Participant: 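Can you read through this structure? Questions will come right after.
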Amino acid sequence: MGRLFDNPWTIIILIIIVLLLFGAPKLPGLARSVGQSMRIFKSEVKQMRDENPSDSDAPDEPVEGRVVNPPRNTGNRDQTPNANGGTTPPSQQQ
């Protein structure tokens with residue numbers, strides 16, 4: 001039994017035989033679905049290239065932005081709004 005797994009060719013041939021015996025009816029469906037998936041993938045890639053032809057040619061430009069602090073809530077001294085729209089507990093207020 002130890003001599004069976006000494007040579008990698010015997011394992012490869014054994015896998016091919018098992019695949020052909022038990023997987024033969026499913027191979028055409030598998031090949032069909034792989035081909036269909038590749039066609040869909042190619043058409044989507046082509047569509048993306050057609051929609052944005054200038055994106056691949058133009059270099060990336062930096063995006064400018066600024067941070068805006070929300071106004072302090074002067075009417076309610078117990079809680080103030082933070083940057084996420086929530087409130088800061090009184091113990092953590094400045």
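This chain uses plain numbering: 1 for the first residue, then up along the sequence. From a predicted model like this one, the values you see are computed outputs, not experimental measurements.
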Participant: Restricting to salt bridge (charged side-chain N to carboxylate O under 4.0 Å, His left out), what partner residues turn up for Lys42, sequence neighbours left out?
Facilitator: none
Participant: Using residues 25-41 as the side-chain source, report each donor-acceptor pair under 3.5 Å to any protein atom, sequence neighbours left out, with the distance given to one decimal.
Facilitator:
{"unit_1": "Ser33", "atom_1": "OG", "unit_2": "Gly29", "atom_2": "O", "d": "3.3"}
{"unit_1": "Ser33", "atom_1": "OG", "unit_2": "Leu30", "atom_2": "O", "d": "2.9"}
{"unit_1": "Ser37", "atom_1": "OG", "unit_2": "Ser33", "atom_2": "O", "d": "2.9"}

Participant: Would you list the atom pairs, donor with acceptor, under 3.5 Å between side chains in residues 10-24 and any protein atom, with sequence neighbours excluded?
Facilitator:
{"unit_1": "Thr10", "atom_1": "OG1", "unit_2": "Leu4", "atom_2": "O", "d": "2.6"}
{"unit_1": "Thr10", "atom_1": "OG1", "unit_2": "Asn7", "atom_2": "O", "d": "2.7"}

